[in-house]
Structures are given as structure tokens and as C-alpha cells.
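Nothing fancy with the numbering, it's 1 onward along the sequence.
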Amino acid sequence: MDPKPLSATLGALLVQRGWNQDVAVGGVIGRWPEIVGKDISQHCTAESFENSILVVRAHSTAWATQLKFLSPEIMRTISAEVGDGVVQEIRVLGPDSPKFTRGKYSVKGRGARDTWG
């Protein structure tokens with residue numbers, strides 16, 4: 001058997017295992033600033049991809065709203081990068097809310113709930 005280039009072998013393995021779409025979307029997440037542009041990427045991050053849904057987290061509610069309006073354009077760009085139908089939905093999430101389980105605002109025990117009932 002003759003030696004083959006690594007890229008050809010790796011490409012065949014990706015197709016054989018059905019990983020080519022996952023790898024392509026992983027490339028989208030890794031190259032998020034290049035795909036959506038510097039301005040948008042400073043205000044949101046691509047978090048995950050599962051079941052053809054790309055989850056994007058915005059750093060503010062204003063940017064979450066803006067991203068919902070920009071989603072069709074972002075979908076077209078992603079489709080050009082990885083192929084049609086790979087990403088079928090972009091789910092935009094707002095910023096994480098602060099958790100008060102620790103720190104100066106935390107309350108031991110059940111807190112205010114223990115006065116009911």
C-alpha cells in the first residue's frame with residue numbers, strides 16, 4: 001500500500017465517521033470573530049452547537065436583541081462557510097445573571113422562603 005498524505009487520510013476518516021459537519025461547525029465556533037466580524041464578536045460568543053442549533057451568548061440584553069435581528073445574515077454567512085443546513089437555528093441567549101450563592105449578598109439557610117408556611 002502506498003503512503004497517502006495526512007490530509008487525504010484525515011478527510012476520509014471524517015467522512016467515514018460522519019464527523020465532517022461537527023468539525024466544520026467547530027471551526028465556526030473557533031473562528032467566530034472572523035465570521036461575524038470584530039464588532040459583533042466583541043459583544044457575543046458562540047457557546048455550543050448541538051442538534052443543528054448554534055447557541056450564542058450576548059453580553060447584554062441590547063446585543064441579544066440586535067443579534068436576533070442579525071440572525072438571518074449570520075446564518076447566510078455560516079451556510080457559506082460550512083454548507084447549507086448544517087446550522088438550522090441560531091439560539092441567542094442574554095447575559096448570565098449573577099448568582100448570589102456566595103459573597104456578601106448570600107443568605108445561609110432557606111433565606112426569605114423560611115417565613116412562608
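Between Val36 and Val56, every side-chain heavy-atom pair lies at or beyond the 4.5 Å cut-off. Between Val87 and Ser79 the shortest side-chain heavy-atom distance does not fall below 4.5 Å. The shortest distance between side-chain heavy atoms of Thr61 and Pro95 falls below 4.5 Å. In this structure, the side chains of Trp32 and Leu54 come closer than 4.5 Å at one or more pairs of heavy atoms.
Gln66 meets the side chain to side chain contact (heavy atoms under 4.5 Å, CB included) test with Trp63, Leu70; sequence neighbours excluded. Partners of Glu89 according to the side chain to side chain contact (heavy atoms under 4.5 Å, CB included) rule, which considers only residues two or more places apart in sequence or in another chain, are Ile53, Arg91. Applying the side chain to side chain contact (heavy atoms under 4.5 Å, CB included) criterion to Ser48, with sequence neighbours excluded, gives Val55.
In this structure, CD1 on Ile78 lies 12.0 Å from CG on Asp84, to the nearest 0.5 angstrom. To the nearest 0.5 Å, atom CD1 of residue Ile35 and atom CD1 of residue Ile74 are 10.5 Å apart. Distance check: Ile90 CD1 to Lys68 NZ gives 12.5 Å after rounding to the nearest 0.5 Å.
At distances below 3.5 Å, not a single donor-acceptor pair connects side-chain atoms of Thr45 with backbone N or O atoms of Ser41. Proximity of a side-chain donor or acceptor of His59 to a complementary backbone N or O of Gln42 within less than 3.5 Å is detected.
Considering all non-hydrogen atoms of both residues, Ala58 and Ala64 come closest at CB-N, 3.4 Å.
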